Amino acid sequence: MYRTLYSPQGAHINLDGRDIINMASNNYLGLANDPDLVAAAKAAIDTYGVGPSASRNIVGNFAVHDELEEALAKFKGVEAVLVFNSGVAANTGVIPVLVGKGDTIYSDELNHGSIIDGCRLSRATVKVYPHMDLAALEEMLKEPTDGKKLLVADAVFSMDGDLAPLPEMAALAEKYGAMFMVDDAHGDGVMGPYGKGTVEHFHLRDKVTVETGSLSKAFGAAGGFVAGSKAFIEELRPKARSFIFTASPLAPCLTAAALAAIQKIADDDTLVTRLWENRAYFAKRMEDAGLNIGSTVTPVIPVIVGDAEKAEELSARLYEKGVYAQAIKFPVVPRGTARLRIMISAAHSKADLEKAADAIIEITKEMGII
Ligand SMILES: *Cc1c(COP(=O)(O)O)cnc(C)c1O
């Protein structure tokens, strides 16, 4: 069964009744229990109540949805945004609007499950290329096809913390006349200036057809979104099935919290800077100790131990020392690459990071890993 949380998300949590350092949440900026977000959510409950009670296209479009979409579009540097109740719903909703039967999708083998589902729902032909293999991707793009083409990938891969080569991918998309979709669920609030995302980091805004994102990770709330041109967002509104058929649009309180997050980080990069300082410290501690952190360049830091049982044992022994980090194994990652996945947050203090790093190094030494 799952472990149970009896506290808000944060650097320290109450997990199954004990206080523990949390190295497993996507709470990159520590906003999930930020006083400004909590206040915004409470105020929205006073204004709008709790349940949305209708789909956005019927009578569930609250003023705060419009406000968040406007703020997000400005933050992301796009013409328009449509907010969904999750990142999963954004991906499954948008892909079938971009392509359909007779069209072709080019998808990285490690793309997020919701991209895979969106591809299936579209009924387009899906060509899966080996992880980040640009040569293989180009071979596939060269094959003649009828219909539209869509290249789609995660910007930051959530199990390895590596970054897709978006500039090269954008160039290939352009060369072969494909649309280019980027899912930046782990890049928003993390990558680029002020956490504006990986597309901004690479200065590729005019090369990306649509972008999807999540409000549940760095932004500390919940929900998802699609960002693109005004014309495309208007086309999407009446067509995205995960949007029009749900009477659970993003609850007004969560919408208000996400808006408060954007307002908090849009012109103050304190949290983003702290996140990267924490990330640099922790990655260096792991590397200096001789641990294998793979190809990460982001605050997702895998400590790759290979064997699934070893990863489980490392996680269990860390838990006994008051640190929670999840073991990840096959089928989520390939066999032989089982790992402990460390998620760094701006909320971690130096003491938290030191304690977690010391514990990992001590245990991996005892286990003969280093
Ligand atoms: C988490 C994640 C999603 C889903 O977003 P939710 O808001 O959590 O539903 C989509 N894509 C990627 C790459 C993710 O990591």
Side-chain angles (χ1 to χ4, degrees), residues 2 9 24-29 31-32 37 65 68-69 72 76 81-96 98 105 107-122 128 131-132 150-166 169 180-191 195 197-199 201 208 210-227 240-243 246 248-251 253-255 257-259 261-262 296-302 326 328 332-333 341-345:
Y2 312 121
Q9 290 284 0
S25 298
N26 302 290
N27 190 17
Y28 293 115
L29 299 177
L31 292 174
L37 272 72
H65 289 130
L68 173 61
E69 285 168 352
L72 257 176
K76 295 289 296 175
V81 160
L82 191 63
V83 165
F84 287 68
N85 60 8
S86 70
V88 167
N91 278 334
T92 55
V94 72
I95 296 173
L98 287 166
I105 299 172
S107 178
D108 188 292
E109 66 177 340
L110 296 188
N111 276 349
H112 192 261
S114 58
I115 295 179
I116 295 169
D117 290 350
C119 292
R120 287 181 180 145
L121 285 169
S122 76
V128 177
H131 184 46
M132 292 194 190
L150 172 67
L151 172 58
V152 57
D154 289 24
V156 177
F157 288 86
S158 60
M159 295 303 149
D160 289 280
D162 52 348
L163 213 52
L166 297 188
M169 294 170 71
F180 187 27
M181 171 177 154
V182 174
D183 175 349
D184 208 14
H186 287 272
D188 281 320
V190 173
M191 296 296 300
T198 312
V199 170
H201 167 80
V208 172
V210 291
E211 193 179 325
T212 55
S214 170
L215 301 166
S216 66
K217 289 164 184 161
F219 296 143
F225 64 90
V226 176
R241 295 171 69 85
S242 58
F243 180 83
T246 183
S248 299
L250 191 60
C253 57
L254 288 165
T255 311
L259 176 60
I262 303 298
T296 176
V297 289
T298 68
V300 176
I301 303 183
Q326 180 122 32
I328 312 263
V332 179
V333 293
R341 187 176 65 148
I342 306 289
M343 307 291 280
I344 302 294
S345 170

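Treat the numbers as computed from the prediction; the structure is a model and nothing was measured. Order of listing sets the numbers, starting from 1, for every ligand and every atom in it. What you see below is based on every heavy atom in this structure, not just the backbone, and it leaves out hydrogens, waters and symmetry mates. Throughout, residue positions are numbered sequentially from 1 according to the sequence presented.
- At under 3.5 Å, not a single nitrogen or oxygen of D154, backbone or side chain, sits near a nitrogen or oxygen of ligand 1.
- Checked against L68 for a side-chain contact (heavy atoms from CB on, under 4.5 Å), the options L215, V81, L254 give a single hit: L215.
- When each atom of ligand 1 is checked for a heavy atom of D183 under 4.0 Å away, the hits are 10 (C), 11 (N), 12 (C), 13 (C).
- Judged by distance alone, the side chain of S242 and the main-chain N or O of A89 form a donor-acceptor pair under 3.5 Å.
- With no hydrogens or angles considered, a side-chain donor-acceptor pair links T198 and D184 at under 3.5 Å.
- Residue contact check for ligand 1: A90 places no non-hydrogen atom closer than 4.0 Å to it.
- Going from atom CG of L29 over to atom NZ of K217 covers 13.5 Å, rounded to the nearest 0.5 Å.
- Below 3.5 Å of separation, one finds no N or O of L215 facing any N or O of ligand 1.
- In terms of protein heavy-atom proximity, atom 4 (C) of ligand 1 is closest to V88 N, 3.6 Å.
- Residue contacts with ligand 1 for N91 involve side-chain atoms from C-beta outward but no N, CA, C or O (heavy atoms, distance under 4.0 Å).
- The closest approach between S114 and ligand 1 falls below 4.0 Å for a heavy atom of the residue.
- T212 and N91 share a donor-acceptor pair across their side chains, judged by distance under 3.5 Å alone.
- The option from S158, G118, G87 that lies nearest to atom 5 (O) of ligand 1, judged by heavy atoms, is G87.
- If you check which protein heavy atom lies closest to atom 2 (C) of ligand 1, you get K217 NZ, 2.3 Å.
- Rounded to the nearest 0.5 angstrom, T92 OG1 and F84 CZ are separated by 8.0 Å.
- If you number the atoms of ligand 1 from 1 as listed, the ones under 4.0 Å from a heavy atom of H186 come out as 15 (O).
- Ligand 1 places these atoms under 4.0 Å from at least one heavy atom of A185: 2 (C), 11 (N), 12 (C), 13 (C), 14 (C), 15 (O).
- When all heavy atoms of A153 and N111 are compared, the pair lying nearest together is CA-OD1, 3.3 Å.
- Compare G113, G213, S216 by their heavy atoms: the one nearest to atom 8 (O) of ligand 1 is in S216.
- Judged by distance alone, the side chains of D160 and H131 never bring a donor and an acceptor atom under 3.5 Å apart.
- Atoms of ligand 1 lying under 4.0 Å from at least one heavy atom of G223, given by number and element, are 7 (O).
- Annotation: the span from H186 atom NE2 to L163 atom CG amounts to 12.5 Å, rounded to 0.5 Å.
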